[in-house]
Each structure stands twice: as C-alpha cells, then as structure tokens.
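Structure first, then comments.
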Amino acid sequence: MTVSNYLANSCRRAWVALPLAGFLVSGCFGDGRQSTIRPASDVGHAVQAVYSVVTWIDIGIFIVVFGLLIVALIRFRGGKEGEMPKQVHGNPVMEILWTLVPAVLLIFIAVPTWSTIFLTANPPKENAVHVLAIGKQWWWEFEYVDSGVVTGNELHVPVNRPIVITTRSTDVIHSFWVPRLSGKIDSLPGKDNVLWFTPQEKGVFYGQCAEYCGTSHANMRFRVIVEDEADYEKWLASVTQPPVPQTAEAKEGEQLFLAKACVACHTITGVPGAVGKVGPNLTNLGARSSIASATIENTPQNLAAWIHDSRSIKPGVLMILPLPVSVEEAGKLAAYLTSPTGPAPGAPAPQGGATLNMKQPPAGAAAAAGGGLDGKTLFLTKGCTGCHTVQSLPLARGTIGPALDGLQARPRIAAGVLPNTEANLKRWIKDPPSVKPGTLMVKLGLSDAEVETIVAFLKTL
Ligand code: CUA
C-alpha cells in the first residue's frame, strides 16, 4: 500500500468514526436520564458551574493554540528548495506571556474548584434527611437513620430538603452514583463515606453502581424518587406495615412466603419470622416501580419470572436456584408481595373496635410451632434451605451459608467461633447474632423444642 493510499483510507475511516463519536457524545444529551450535564440538585448545579468554567477556558486555549499553529504552518512554510527561514533565538515577551497566561487561567480554575470541593464536603445540618446506603453484591440497601425504615433499590426523598447519604459496603467496594443529583462516592467495607445533595426537581432519577464489583456490577442499579414532602411521608408510613393480601391468590402467596425459604433472606416489617438480612427488605414491594436492582419494571409478569428464575435475569444473583417454586407459585408469591400494606397483626383497630386480625399464621407453621414435626421437615420449612446445601435433600441447594454434610465431624462451628458441641450448636441456631455479631444467619424465632429437633437431624448428615 502506498503512503497516499494509506492516508486516503485513514481519512475515510475518520469520516465513519465522526458520526459514531457524535452518537456517543449525544448520550450526554438525548433523554439524558443519566446525564451529568442536566443537574437537578444544588450540588449538581455547583459541580456543573465548575465544569462550565473549565470547558470555556479549554475552548479558549484550543482556539488560541490551534489558531497560532495554523498561522505558523501557513506563514512559515518552506520557501524555495535549500532556502532557510530567518533563524532567531529567544523571545522574552513570548516567554513571559506563556508563563503568566496559564498561571492566571489556573487560578480561575482552582478557586471555583476549591470552593465546590468544600461545599460538597460539608453537608448541611438543618432539616436534612439522613440515609445509610449499603452496597451489596449486587443491590443497594437504604436505611433511613431517623425512622429506622429499611428499603432496597428505590430511595424515596422529599424535594428541596438536603439528603445526606452515608455509604458503606458489606462485601467489596461499590460506588453510589446518581448522575443528575450528585457526584460519585465509593461505598467501602469498614469505612463510611458521606455525600449530600438537595434535589430541586420532582421525578425519578436513575442511579448506578460506578465501581466494578463482580458479575452483576452492570445490573447494580437503583432509582431515586424525588417527591413532595406529603407523598414522601405517605410512602414512609406505608413501609412500616406488612402487606395485607386481598385475593385468594395473594393469601396462598402469603403461606408460600412463610413456608418456602424466602424468610431466611428477606424481611417484611410486621411479619413474624420474616427477618432475613441477606436480600432486600420487601415491605411494600408493590410501591416499587422496578425490581431486580432496578433492572426490570415491577409488573406482575416480571415479578413472577424473577421469583421463578432470577438467575436468567441477573447473572450471579445470590437468590437461590433452583428455588423450589413453580411458575404458578411464583405468581401467587408476586400477588402477595405486591398487596397493599396495612396494620400489622395485633395493632389497635382504627375505631377502637375488634382487632383487625387479617394475618393468621399458615396452618403448616401453626402445626410446626406446636411441635410434632421431624427435624428434616423443620429444616425444609424453616428457611434453612435458602442458604444451605444438603446433598440428600434436592430442595436444599443454598450457597450463601456453608454446606452442612459432615457437620458432625467438624471440630468447630460458626466459622470457628465455637467448639462443635450439641449445646453450642443449639445456641448458634437459636440466636446466631448473639454468637457472631453481624452474621447473615438470621434468628428464625425457633422454639427450644424445634432447635433440638433440627440439631438431632443435623447430626445425622
Ligand atoms: Cu457494586 Cu459495581
């Protein structure tokens, strides 16, 4: 290939690349739901002001430098063959100019940058909503510090009030980022970071984990719903009450939720026994616009598909597979989980009348509480299978906790915390957090008799 051919080819490629680059840049504009240059908060506007200053200064530098370069190329291009241009050495005026001008420009960039860094690093103390954002593989848990409300993947906040986000991680490093509301901040295991912003527009804002954290990093999304103070308060109240199933399908779903392994990993406020911490809190799931870490919309079909086979939707998800739930059962569970929330069992009735007793424990659970079930049945129905594998039980294929075959032969339990004696095993199963604070193993609220029966079963493995 000759040099001129090569250059011609390169030029053609450049013409193809140009619109492609345009498309990429248009990602910043477009509908712009994750645009960094369409801020909707005070901090967002402050950061954009710095961005604008730097961009305009850069454009000025570009025009001057390339302008001079083009002038030089034309004015001082080669003359006749063998003829040298005029030779010079040094130019004090030019040297002073190209030192002073950049120094002045740097001051114009540095001062607004510094003041914005101080602004973003100092959250307002008045009237702020404090939220703990905990990054987990691969979803976000949000805890409202003042009310203790815990939710997952969709953060509701009131408009025009400062939102102070403290980030943390329980596994690897993640990064909290809602491009239209704030900058990024890492969520680290063992160290808290703080970020704040005051949302100035109502609407739904799209967030994204911005630090590579494993298989489903790209699926670790979330949404921030900015709403009126009244709507925010209404939502906050709705997630302190359990779902109240309205249809026969939803009522069956409730029994399935308690009988299958769901409660080992998920919490629903007001539902005794549903206190799992491994997966997201599911209280008032019906109010969420999305599921599966904001990767799909929350429709009945999507929710049932997700419950039935989550791994086909989000690779690497810890929700166990195969979850022993048929497509039909998944539909019932979805109906239960999206039921409107109402007063918890035993809560005072609104008009001082009879107590609203909408949530009878399922018949199976009642029988179990009364004893009489063997250890294997208890193991299968109390949520243990959500996290543990036992080879002889096809339904026990959980991978969150240790496999339990050969437990009897192990010298220690609870990751080496306790010697493997019968008394210690009972103590561990009865109340895991009291043995090992922070453990993902939940206190299932088992009776002493149930613990004894399960331990007897475990010793046979
Ligand atoms: Cu979490 Cu990337």
Side-chain angles (χ1 to χ4, degrees), residues 24 27-28 32-36 41 43-44 47 120 130-145 150-157 163-197 204-225 265-267 276-282 285 288-298 302 306 309-321 386-387 398-401 438-440:
L24 289 176
C28 305
R33 66 187 199 178
Q34 284 196 318
S35 168
T36 52
S41 75
V43 166
V47 171
T120 56
H130 291 267
V131 178
L132 186 58
I134 306 173
K136 301 179 181 226
Q137 285 172 316
W138 291 272
W139 60 284
W140 291 92
E141 182 167 87
F142 300 119
E143 183 180 335
Y144 292 77
V145 177
V150 175
T151 192
N153 300 321
E154 289 198 4
L155 179 68
H156 285 244
V157 294
I163 314 300
V164 182
I165 308 274
T166 302
T167 62
R168 192 178 290 175
S169 168
T170 52
D171 38 51
V172 299
I173 301 176
H174 305 276
S175 181
F176 179 97
W177 190 32
V178 193
R180 293 195 60 205
L181 294 177
S182 71
K184 296 171 191 169
I185 194 126
D186 276 359
S187 86
L188 304 167
K191 185 191 180 299
D192 289 356
N193 280 330
V194 175
L195 165 147
W196 74 275
F197 56 87
V204 179
F205 298 90
Y206 292 77
Q208 174 81 49
C209 176
E211 178 73 49
Y212 181 68
C213 55
T215 313
S216 260
H217 156 70
N219 295 321
M220 192 171 161
R221 304 176 205 171
F222 59 103
R223 293 179 184 179
V224 179
I225 293 97
C265 295
H266 295 286
T267 293
K277 302 267 184 248
V278 178
N281 184 310
L282 298 179
L285 188 69
R288 290 186 204 162
S289 63
S290 64
I291 53 168
S293 311
T295 49
I296 50 176
E297 298 305 307
N298 186 7
N302 280 351
W306 168 249
D309 185 5
S310 57
R311 225 159 265 195
S312 70
I313 293 169
K314 198 167 121 190
V317 61
L318 286 179
M319 195 148 122
I320 57 154
L321 200 90
C387 296
T399 52
I400 293 162
T439 178
L440 289 178

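Positions are given from 1, in the same order as the sequence printed here. Quick caveat, the model's predicted, so the values are computed rather than measured. In each ligand, atom 1 is the first atom listed, and ligand 1 is the first ligand listed.
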Between [X] and [Y], is there a donor-acceptor pair closer than 3.5 Å when you use the side chain of the first and the backbone of the second?
| X | Y | result |
| --- | --- | --- |
| R311 | V317 | yes |
| N193 | D186 | yes |
| S41 | L181 | yes |
| S290 | I296 | no |

K314 and T295 side chains, donor-acceptor separation under 3.5 Å: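 Note: T295 and K314 side chains miss the donor-acceptor criterion.
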Sole residue of R168, K277, K136 in salt bridge (charged side-chain N to carboxylate O under 4.0 Å, His left out) with E141: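 Single pass found, and it is K136.
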Cut-off under 2.8 Å, centre atom 1 (Cu) of ligand 1, protein N/O/S atoms: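 Correct list: H174 ND1, C209 SG, C213 SG, M220 SD.
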